[in-house]
Peer 1: 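Can you keep this structure in mind? I'll have questions shortly.
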Amino acid sequence: MVSDKVSIHGAWASRWVFILAATGSAVGLGNIWKFPYMTGMYGGGAFVIMYLVCIFLVGLPIMLAETLIGRRGRQSPVHSLGALALESGASPRWSWAALMGMVAALLILSFYSVIAGWSLDYIIAMGDGQFAGISAEGAGAAFGALTADPWRLALWHTLFMLLTGFVIARGVVAGLERSLRIMMPLLFILLLVLLGYSMTTGHFMQGFHFLFDFQPDRLLEGVLAALGHAFFTLSVGVGSIMAYGAYMPRRASIGSTVLAVGILDTLVALTAGLALFPIVFAAGMEPGAGPGLMFVTLPVAFGNIAFGQVMGTLFFVLVLVAAWTSSISMLEPAVAYLVERTQRRRRLVTSALVLLCWLVGMGTVLSFNVGAEAKFFVFAADGFHLFQWGAEGGRNFFDSIDYLTSRILLPLGGLAFVLFAGWVLRREAVREELAIDNPLLFGLVYWLIRVVAPLGIVVVFVAELMK
Ligand code: PHE
């Protein structure tokens, strides 16, 4: 029997709202900032193909697993996993996987907020015309000045955390659903406007070839990066999708819904690439700029083409909205968990967690300036140091948290979730939730969840650690 329990936190009005919410979570800095530059770095079309394979063979099975666990459990990820484990006669310690994911999501939020905060600064600088006619050196210096100023970074980080907390505090229906209904259409409109604009730059085909020209010899170069990115971009492995699954209507088919989210996320990434590269080419710049693409190259590009000021401002509004709809999904699992556990008001719990993430995020703020020399995980000639000031190797605070979450916690969480859905839940339960009628198709999807996705994660995880 499909359970007709509802979550105490509320429920989405329809499966469309789940699609909006999950897509809002998935589409973020990962699509607009990371995907285009990674595609540039790993050989364009070759990377795009590997990325698609990873999305469909590993990312989507995890998303299916998370959604069905959430909807069956109808509670926060930690409690859903624990309850379903007991029901299936397994150890309630499975809930630890969700606990780890929840912490990972809060850690991601702490630095995501700092980067998203940059877009607030850029909206104002762009709108104000500060980038008009700017040179590459000028844009580099402007970016350098921003990251060198802890007060300015802290201001934007604070503001972004407040924006995130504001939506979450209002609850699933009045906060999340209502804002998603406005922000998601806005996001798609902005993206299409930018795409339309990039088509008029006269360099559209150049951007197109850059993204899609297939270089078979580079196919394997970016597999690991592609798989890691598939996790991050689909928001899987931390319980965000599981939390949203708990608010999903009973009768919606999980299979087709999740497929829609995966396709939308991929389309947005590809469209962002198609919108950005022609603009970069139109300004006569190089696309292989790496992570600086969005904050250094693009302002130059927008500063030197017709209507660049308006389009550039719109672009950073797009980045802000995309990041905002992702950041709320990082906070929701922990808020839901603490509300269930402590029976306190949602507002109080949200405030406490926002404060916590804000504090941890200050570490990231400082790692771009005064704290840049604080290094963690240092392997030096005299042995391993967890922390050392001014060490040669090692990672600063921001890099450490980024590494810990995306390279370690996310894959582990994702692995636990697919294994749970594939090997702990009964086959009948999975079949019932997925509601895939065709036995062959169900067999295929079930096999992806049980075998292919876990194997893929293990292979990448081990390869990454050995690098
Ligand atoms: N998917 C988001 C992005 O692409 C990031 C994210 C990761 C969101 C984990 C929620 C949980 O930017």
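In what follows, every heavy atom counts, from backbone to side chain, and hydrogens, waters and symmetry copies are set aside. Note that ligands are numbered from 1 as they come in the structure, with each ligand's atoms numbered from 1 the same way. As the structure is a computational prediction, the values presented were derived from the model and not from experiment.
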Peer 1: Write out the residue and atom name of the closest protein heavy atom to atom 4 (O) of ligand 1, then the distance separating them to 0.1 Å.
Peer 2: A26 O, 3.0 Å

Peer 1: Mind checking side-chain contact (heavy atoms from CB on, under 4.5 Å) for A323 and listing every partner two or more places apart, or none if nothing turns up?
Peer 2: L29, Y112, A116, F160

Peer 1: For the aromatic rings, using the six-membered ring if either is Trp, is the centroid distance between F281 and F204 under 6.0 Å?
Peer 2: no

Peer 1: Suppose we screen for side chain to side chain donor-acceptor pair (under 3.5 Å). Which residues come up paired with R346, at least two apart in sequence or across chains?
Peer 2: E332

Peer 1: Is there a donor-acceptor contact under 3.5 Å from the side chain of T233 to the main chain of H229?
Peer 2: no

Peer 1: Would T233 count as being in polar contact with ligand 1, using the rule that some N or O on each side must be under 3.5 angstrom apart?
Peer 2: yes

Peer 1: Give a yes or no on this: more than 12 heavy atoms of other residues, nucleotides or ligands lie within 6.0 Å of atom CZ of F212.
Peer 2: yes

Peer 1: So is there a nitrogen or oxygen of V27 less than 3.5 Å from a nitrogen or oxygen in ligand 1?
Peer 2: no

Peer 1: So if I apply the side chain to side chain contact (heavy atoms under 4.5 Å, CB included) rule between W94 and each of L84, V424, I69, which one comes out positive?
Peer 2: V424

Peer 1: Would you say the side-chain atoms of R347 pair up with the backbone N or O of A169, donor to acceptor, closer than 3.5 Å?
Peer 2: no

Peer 1: Using heavy atoms and a threshold below 4.0 Å, how should the contact between S235 and ligand 1 be classified: side chain, backbone, both, or neither?
Peer 2: both

Peer 1: Within ligand 1, which atoms have a heavy atom of S329 less than 4.0 Å away?
Peer 2: 10 (C)

Peer 1: Out of W33, F35, F232, Y112, whose heavy atom is nearest to atom 7 (C) of ligand 1?
Peer 2: F232

Peer 1: Judged on heavy-atom distance to atom 2 (C) of ligand 1, which of S240, G28, S25 sits nearest?
Peer 2: S25

Peer 1: Considering only heavy atoms of G30, which atoms of ligand 1 have at least one such atom less than 4.0 Å away?
Peer 2: 3 (C), 4 (O), 12 (O)

Peer 1: For ligand 1, which atoms, with element, lie under 4.0 Å from some heavy atom of L29?
Peer 2: 12 (O)

Peer 1: Output yes when the distance from some N or O of ligand 1 to some N or O of M330 is under 3.5 Å, and no in every other case.
Peer 2: no

